[in-house]
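Here is the structure we will look at, set down as structure tokens.
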Amino acid sequence: MNTPHPPEALPVPPELGDALEGFETVAVITHVAPDGDAIGSTLGLVHLLREQGKQAIPICQDPVPYQVNWLPHVDEFQRTIPPDVDAIISIDLSDIDRMGSPYDPEQFGHLPLINIDHHATNTLFGTVNWVEPRAVAACEMVYHLARAQNWPLTPRVATYILTGLLTDTRGLRTANVNARVMHVATHLVELGAPIGEITELTFNRKPLSLIKLWALALPHLHIEKEGIIWTIITEAMREEAGHREENDGGLVSFITAAEGMLVGIVFTEKPDGRVNVSFRSRPGVDVSRVAFALGGGGHPQASGATLNGSLDDVIPRVLAQVKEMLQHAGEA
Ligand SMILES: [Mn+2]
């Protein structure tokens with residue numbers, strides 16, 4: 001009765017353990033526009049591999065976001081893959097294109113590519129694929145991997161992993177948080193991850209420029225009778241607020257909390273002229289199918305896509321697809 005429950009293990013495919021033995025130098029790459037899970041899972045895995053005597057280099061096309069820029073060693077991220085690596089591990093990455101500019105198939109296509117991801121929309125692009133949609137974060141997969149391999153979890157690695165677990169679950173508040181996830185979080189705290197400090201630095205801290213950006217975006221709030229709430233972030237707003245980071249800092253989750261709404265969307269103009277579309281939805285409303293149909297990906301309750309065209313082109317197109325999805329969901 002007093003025995004603590006070890007967290008239920010998510011199974012790690014045996015070929016993954018074998019693949020991890022097969023290299024000395026590896027690039028661990030995560031997705032463009034990284035979030036806390038992308039950064040935490042990459043650094044967690046990099047440090048675990050180094051503790052096993054491997055050379056591991058964290059790679060990301062884009063800068064570490066403000067939310068997790070306090071993590072140790074974030075300055076180790078590189079934007080190009082060194083030419084002499086023996087293998088590539090992609091993490092939290094649903095589609096090969098989400099690696100962005102660092103991954104040139106001409107240069108690296110011949111190398112083993114180990115795909116570790118928790119998105120149900122993953123396209124299985126690796127030479128070894130471990131896709132586990134039950135994991136609430138790629139970080140949770142790193143935890144189960146370390147346990148399966150009997151790799152010790154240091155307080156620093158536990159901190160990386162818990163940070164990604166917390167960011168992908170918005171502080172253990174998403175519908176997919178269950179007893180297993182709570183056990184994993186508890187174990188990470190027992191291993192030395194400072195949950196109070198992580199929460200304070202990750203969730204209770206935003207740049208003033210971001211709050212100013214929200215103030216400019218919120219007057220453009222629109223509500224559709226189908227239960228869709230949406231707004232825009234333009235380049236001009238970004239300029240006026242002095243906020244250069246592309247991430248909306250949680251605006252889409254904030255507006256989706258409005259009572260009676262089923263789907264929240266933020267349309268963000270990108271400097272390259274494309275539009276980033278970020279979706280959130282209520283439990284039971286799977287918005288990832290729309291994101292996937294638009295060439296993006298994600299999770300049932302949190303997903304996104306990047307589209308060509310101006311805001312005026314993109315908004316009606318996306319709203320029509322979301323409305324159609326809601327109509328079919330209503331009929332089902
Ligand atoms: Mn993730």
Side-chain angles (χ1 to χ4, degrees), residues 10 12 28-46 48 58-69 71 74 77 89-100 114-126 129-146 157-178 180-181 184-185 188 193 198 202-203 246-250 252-253 276 278-281 283 286-288 291-292 296-306:
L10 290 175
V12 177
V28 182
I29 181 166
T30 193
H31 58 80
V32 300
D35 52 21
D37 186 32
I39 300 300
S41 61
T42 302
L43 288 175
L45 186 55
V46 160
L48 283 166
I59 310 283
C60 188
Q61 174 192 289
D62 295 321
V64 172
Y66 180 92
Q67 191 180 37
V68 294
N69 67 3
L71 282 170
V74 287
F77 271 95
I89 300 176
S90 66
I91 190 150
D92 200 31
L93 222 147
S94 57
D95 188 292
I96 199 160
D97 293 337
R98 298 264 295 154
M99 294 197 213
I114 302 169
N115 167 14
I116 301 177
D117 183 37
H118 69 123
H119 297 88
T121 55
N122 190 287
T123 58
L124 307 178
F125 52 84
N129 298 288
W130 179 30
V131 176
E132 178 51 272
R134 285 174 293 178
V136 294
C139 277
E140 195 196 342
M141 298 177 75
V142 175
Y143 170 85
H144 293 295
L145 175 64
V157 169
T159 299
Y160 291 138
I161 296 176
L162 185 58
T163 300
L165 193 78
L166 290 174
T167 53
D168 258 22
T169 59
R170 300 198 288 116
L172 303 173
R173 290 185 297 160
T174 50
N176 55 2
V177 172
N178 55 25
R180 184 199 69 243
V181 177
V184 170
L188 292 166
I198 295 171
T202 304
F203 297 105
E246 269 190 44
N247 189 305
D248 76 15
V252 66
S253 299
N276 201 68
S278 185
F279 297 107
R280 292 291 180 279
S281 64
D286 181 359
V287 85
S288 69
F292 194 69
H299 305 287
Q301 259 82 76
S303 57
T306 302

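These values consider heavy atoms only, across backbone and side chains, with no hydrogens, waters or symmetry-generated copies. Position 1 is the first residue of the sequence; numbering continues from there. Just follow the structure's listing: the first ligand is 1, and inside any ligand the first atom is 1.
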(request) State whether His299 contributes an N/O/S atom found under 2.8 Å from the Mn ion (ligand 1). (result) no

(request) Using only N, O or S atoms, tell me which atom of Asp168 is closest to the Mn ion (ligand 1). (result) OD2

(message) Using the side-chain hydrogen bond (donor to acceptor under 3.5 Å, both in side chains) definition, which of the options Asn122, Thr121, Asp117 pairs with His119?
(response) Asp117

(request) For the pair Glu140 and Arg134, find out whether any cationic side-chain nitrogen is under 4.0 Å from an anionic carboxylate oxygen. (result) no

(message) Looking only at the side chains, is there a donor atom on one of Asn276 and Thr306 sitting less than 3.5 Å from an acceptor on the other?
(response) yes

(request) Taking the Mn ion (ligand 1) as the reference point, name the nearest N/O/S atom of Asp37. (result) OD2

(request) Using the test salt bridge (Lys or Arg N to Asp or Glu O under 4.0 Å), find all partners of Asp286 that sit at least two apart in sequence or belong to another chain. (result) Arg289

(request) Specify which N/O/S atom of Asp92 comes nearest to the Mn ion (ligand 1), by atom name. (result) OD1

